[in-house]
Amino acid sequence: MDGFHICRPLLNISKARLKAVLHSAHVPWFEDPSNEDEQFTRIKFRQAQSELDELGLTATKLFDTARRMARAADAIDVWVDEVAEKSCTFHSAGPVRFDSSCLEYIPDEIGLRLVGRLVRYISGAPYMPRLAKLEGLYETLKSEEGARAATLGGVRFALAKPHEDGIWFCFREAGRAGLPEVEVKPGDEGIWDERWRYKAAHSSEGFRITYVQKELCGDFELEIPANWLKTAFLTAPLIVFADGVSYMPWKKIGQTAADAEVRSRTYGISMVPVSRTF
C-alpha cells in the first residue's frame, strides 16, 4: 500500500489468550461493536466456526493454510519481479513498454499477475482487476494474431509496429470524461488522478495540473524517446501557470534561458508518482 506493509503480528493468537494477557496486566478489554454486526461476512464466518470445527476446519488449521498460501504468493511475486525487470521498461512520465514475448515461456499464473500489476501500477488503482477480465486481457496480449489494442481499468494497451515483435505500450487512458484538472495554490498538496502526489509547499504562485493531451506544450515531442509511442504520453501530467507557461514535471529541465525561467518558477513544487514500486 503506497510503499507500506500492513503487519498483523497477533493474528494467530486467540481472543481468549489476548484477553487473559490484558487482564493480568490490568488493561481493560475493548470490544469492537462491529464484531456483533451480522452484515459483515467475517462475523458470519465466526458464528459458523463451531460447525467448521466439527469438519476439522479449526481456526488454527485455517490460519496455517493462509500462512502457507501467503508464503507461496511471496515466492510467485519474486518470480513476477524478475520477469518484469527483463520485459518492462518504465518511463518517468508513466507509460510502460512491455515485451510480451515473455508470456511464451512463463506459467500463466506468473503472466496473469504481471499483467495485473501493470494495470494497477499505471492506473493508480489500489487493487488488480477482477480475474475474469484480467484473463481476457492476458489472452489478448499472449495471442499472436489477436487484437492490436485493448483497455482494462483505465489502462490502454497498444501493440507497436512491427506487430510480430510483440511490443506493447501500456499507458493511462483519458476516457470519454477526460482526466481531472486541479487548481493548486501555494502551500497545497494532494494527489492527481490517483497516480501523482503533488506539493506546492514553497511555491510562490498558483498553477493548474492538467494533462498533455488537454494542453499540448511546444517541446512535447522532443521528450518522447525513440521507439516509444507518442500517444502513450498524452495523459502524462502537465503543470500550467496563470500566464500559460507550462512545465512537464517528469522531464529534465534544460540549460536554456527559457529553461532557467521555468526552473525558478517551479522551485518548491514537487510532483512524484504515488506508487514508487511495481
Spatial distance of atom OG (S203) from atom OH (Y267) [nearest 0.5 Å]: 11.0 Å

Does S24 use its side chain to pair, donor to acceptor, with the backbone of V21 at less than 3.5 Å? yes

Do L179 and R195 come close enough that some side-chain heavy atom pair is under 4.5 Å? yes

Side chain to side chain contact (heavy atoms under 4.5 Å, CB included) evaluation trace for S87 with L114: CA-CA 10 Å; S87 63; L114 173 60; 4.0 Å; yes

Under the salt bridge (charged side-chain N to carboxylate O under 4.0 Å, His left out) definition, can you give me all pairs with a residue in residues 9-26, not counting sequence neighbours? K15-E31

Which residues end up grouped with V27 if you chain together Ile, Leu, Val, Met, Phe, Trp and Tyr wherever their side-chain heavy atoms are less than 4.5 Å apart? L10, I13, L18, L22, W29

Does K185 pair with D188 as a salt bridge, N-O distance under 4.0 Å? no

For Y127, what are the other residues in its hydrophobic cluster, where any two members join if their side-chain heavy atoms are less than 4.5 angstrom apart? none

Residues 105-113 side chain polar contacts: donor-acceptor under 3.5 Å, at least two apart:
residue	atom	partner	partner atom	Å
D108	OD1	Y138	OH	2.8
D108	OD1	K142	NZ	2.8
E109	OE2	R113	NE	3.0

Partners of F241 by ring-ring contact (aromatic ring centres under 6.0 Å, His included), sequence neighbours excluded? none

Looking at E194, I want to see if its CD is surrounded by more than 12 non-hydrogen atoms of other residues, nucleotides or ligands under 6.0 Å. no

Would F98 and L103 satisfy side chain to side chain contact (heavy atoms under 4.5 Å, CB included), going step by step from the backbone distance to the final call? CA-CA 11 Å; F98 172 52; L103 303 181; 4.2 Å; yes

Working note: D64 + R67, criterion salt bridge (charged side-chain N to carboxylate O under 4.0 Å, His left out); need CA distance, chi angles, decisive distance, verdict. CA-CA 5 Å; D64 287 341; R67 177 175 54 80; 3.4 Å; yes

To check you understand the geometry: which heavy-atom pair defines the closest contact between F171 and A158, and what is its length? CE2-CB, 4.1 Å

Tell me, which pairs form a side-chain hydrogen bond (donor to acceptor under 3.5 Å, both in side chains) where one or both residues lie in residues 231-243, sequence neighbours left out? D243-R265

Compare all side-chain heavy atoms of L137 with those of V119 and state whether any distance is below 4.5 angstrom. yes

Please indicate whether E164 has more than 12 foreign heavy atoms, meaning atoms of other residues, nucleotides or ligands, lying under 6.0 Å from its CD. yes

How long is the straight-line distance from OH of Y247 back to CZ of F207, given to the nearest 0.5 Å? 10.0 Å

Got a sec, which pairs hit salt bridge (charged side-chain N to carboxylate O under 4.0 Å, His left out) with one end in residues 118-132, sequence neighbours left out? none

For the residue pair A236 and A93, what are the closest heavy atoms and their distance? CB-O, 3.8 Å

With F169 via ring-ring contact (aromatic ring centres under 6.0 Å, His included) - residues at least two apart: W228

Qualifying residues under side chain to side chain donor-acceptor pair (under 3.5 Å), relative to D165, sequence neighbours excluded: none

Quick one: side chains of residues 147-157, donor-acceptor pairs under 3.5 Å with protein atoms, not counting sequence neighbours, listed by atom name and distance.
residue	atom	partner	partner atom	Å
R148	NE	H163	ND1	3.3
R148	NH1	H163	ND1	3.4
T151	OG1	R156	NH1	2.8

Separation between CE (M69) and CD1 (I76), nearest 0.5 Å, reads 9.5 Å

Is the closest side-chain heavy-atom distance between W168 and L118 below 4.5 Å? no

Working to the nearest 0.5 angstrom, can you tell me the gap between T266 OG1 and M271 CE? 13.0 Å

Within the 4.5 Å heavy-atom criterion, are I209 and W192 side-chain neighbours or not? yes

Parallel, tilted or perpendicular: rings of F233 and W250 (30°, 60°): tilted

Mind checking side chain to side chain donor-acceptor pair (under 3.5 Å) for T210 and listing every partner two or more places apart, or none if nothing turns up? E181

Salt bridge check: are D77 and R117 linked by an N-O gap of less than 4.0 Å? yes

Strictly by salt bridge (charged side-chain N to carboxylate O under 4.0 Å, His left out), give each pair with a member in residues 90-104 just once, sequence neighbours left out. none

